[in-house]
**Q** 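I'd like to ask some things about the structure below.
First listed ligand is number 1; within each ligand, the first listed atom is number 1.
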Amino acid sequence: MGHFTVVDYVIFAVLLAASMGIGLYYALSGGRQRTTQEFLMADRSMRCLPVSLSLIASFQSAVAIIGVPAEIYTHGTQYWFIGCAYVLGLLIPAHVFIPVLYRLRLSSAYQYLELRFSKAVRICGTLTFIFQMVIYMGVCVYTPAFALNAVTGFELWGAVLATGLVCTVYTTMGGLKAVIWTDVFQTIVMFAGQLAVIVVGVHQTGGVSEVWRKVWEGNRISALDLNPDPTERHTFWTLAVGGVFLMLSLYGVNQAQVQRYLSARTEKEAVRSCYMVFPSLQLALALSCVMGLVMFARYCGEDPSDKLGTSSRDAMVIYFVMDMLQGLPGLPGLFVACLFSAALSTISSAFNSLATVTMEDLIKPHFPAMSEARATLLSKVLAMSYGLVCLAMAYLTHLMGDSVLQVALKIFGMVGGPILGLFCLGMFFPWANSVGAVTGLGTGLSVSFWIGIGSIISHSSGTKPLPPDCSSSFLSGNTTTVTQLSALSNVTLSFYSLSYMWYSAFNCFTVIVIGLIISFLTGPMKEQDVTPGTIYPLLGTLFGFLPARLKKKLCCVTPLGQTVFVISDN
Ligand SMILES: CC(C)(CO)[C@@H](O)C(=O)NCCC(=O)O
Ligand code: NA
């Protein structure tokens, strides 16, 4: 199974070499990475095309390439409706978050929190972000290595080390410019690999109409599920509405993305790049969903998981790909390159953004006199250290074990949701003060971990997979599902079974509600104390019909800054 020819190894090697080459190029050209402005902010000179491809790459890792087809194979196309969330999920960042953050000329998204609230809130936000990205990184680097190992015997820790080290090296050498340009190259490789699998798969299954017939008869084309039950894992509501909050936490306030917006040469360019993410992200989603359908058409009736010796659907995706591409020299290598491209582009964004926040939010404020050369050297050391942390986290992921897509989406919701809440509290509610913000974040995180860990322990977020057969549409439910359902009558358990697609929204609201209550109890912020340009007059815009005096009270009137505020970077 999965014999690699020389061509395959060459393709894989070219990917790694090209990524290193781009890193080396940016280490030796331009300002040679001698300032933090260049290393962390790409000199704020980027154009929209590379920025947009890089924005997609940040959160599209091997987790999505493997996890989404596995999800579609097992549960049908319901997940595809997350594409509906991309509309508001990108329009809101483009027209609300980018204008506020870009005009403040920040270096780190969390600098906003200090301007709006206080130093303490900034540090809490930064630490939460670091926590989120460090666990997520582990999943990203581990996933492709694990899946490949299960099928081809590709050395597991060898692959983890290779990815981690190559990525560390080019990120440390070439800074954000290298990260963005490798993202561009790697995103193209990612699309090419997925497309190749689909084309070959459709051909081998007997053409488009045959694939369609099988997935239709196998009940894989899901109807719009309008069930309002919030414990239902994937429905139109959880995906299209809950998904908007997930997208906001990733594309609105996550440092990895904000850093890309800030690296754009103008605000317009940043907004345009956000718009350009829409078609590419839809393409990425469509490719991975179609891949799941082709995989189903290929295997319906004969589930290869017995042959494989693992019930992991994630490993099965790789099995399917290798099985199909066998005998086509170069294609297995292209797919492996696709997987590792997706992983590399995500971890490199994580390294660079982590180095940025550690430098800007945790170190620089304490050493205002640090020389530029020393700060840049320290940033490089930080990027490298996070590379090593990433390897350690991969080992931790090894000890977990769930569908990788669910793990990633849970992390985004559990930790990203409260951070989103913190930013919303600051931007939309002028009365919120810093005590409210810290308490809100603390409560949000506690509730989020209580529910998230509760759901992992009680295993309540699983849904019954559809039968892997393309002729019989409905089989009777198995016994485990019945026990799960009766256990759900327990109130706490039903709380634990909140769909993880609601985590972002739910945790965001917890932070806002608690934040506002505490703010009003401890004395709400006064308009003249709020830093100009940190509030987006959302309430005033939404309630445009109200009398001017009331509106003035509501939206705190401070208009969105038109001027550029220069924050001393010292
Ligand atoms: C972030 C979304 C939801 C955007 O569609 C998608 O890219 C996804 O499911 N990502 C999973 C995480 C990952 O690929 O690492
Ligand atoms: Na990626």
**Q** If you take all heavy atoms of L391 and G164, which pair is closest and at what distance?
**A** CD2-CA, 4.2 Å
**Q** Please report whether the ring centroid of Y102 lies less than 6.0 Å from that of Y261.
**A** no
**Q** Going by side chain to side chain donor-acceptor pair (under 3.5 Å), name the pairs with one or both residues in residues 139-148, residues two or more places apart or in two chains.
**A** Y142-H398
**Q** Would Q255 and T356 count as having a side-chain donor-acceptor pair, cut-off 3.5 Å?
**A** no
**Q** Taking all non-hydrogen atoms of both residues into account, name the closest pair between G417 and S249 and its distance.
**A** N-CB, 4.5 Å
**Q** Can you list the steps and then say if F245 with F509 is a ring-ring contact (aromatic ring centres under 6.0 Å, His included)?
**A** CA-CA 10 Å; F245 289 85; F509 279 110; 5.6 Å; yes
**Q** Quick test of your reading: applying salt bridge (Lys or Arg N to Asp or Glu O under 4.0 Å), list the pairs with at least one residue in residues 69-96, sequence neighbours left out, ordered by first then second residue.
**A** E71-R233
**Q** Which of the protein's N, O or S atoms come within less than 3.0 Å of the Na ion (ligand 2), not counting waters?
**A** A57 O, Q60 O, A342 O, S345 OG, T346 OG1
**Q** Parallel, tilted or perpendicular: which describes the rings of Y395 and W157, with under 30° parallel and over 60° perpendicular?
**A** tilted
**Q** Just one of C140, C167, S349 clears the side chain to side chain contact (heavy atoms under 4.5 Å, CB included) bar with L344, so which one?
**A** C167
**Q** Tell me, which residues have any heavy atom less than 4.0 Å from some atom of ligand 1?
**A** F59, Q60, S61, V63, A64, Y79, I82, Y86, Y136, L246, L250, L405, A408, F412
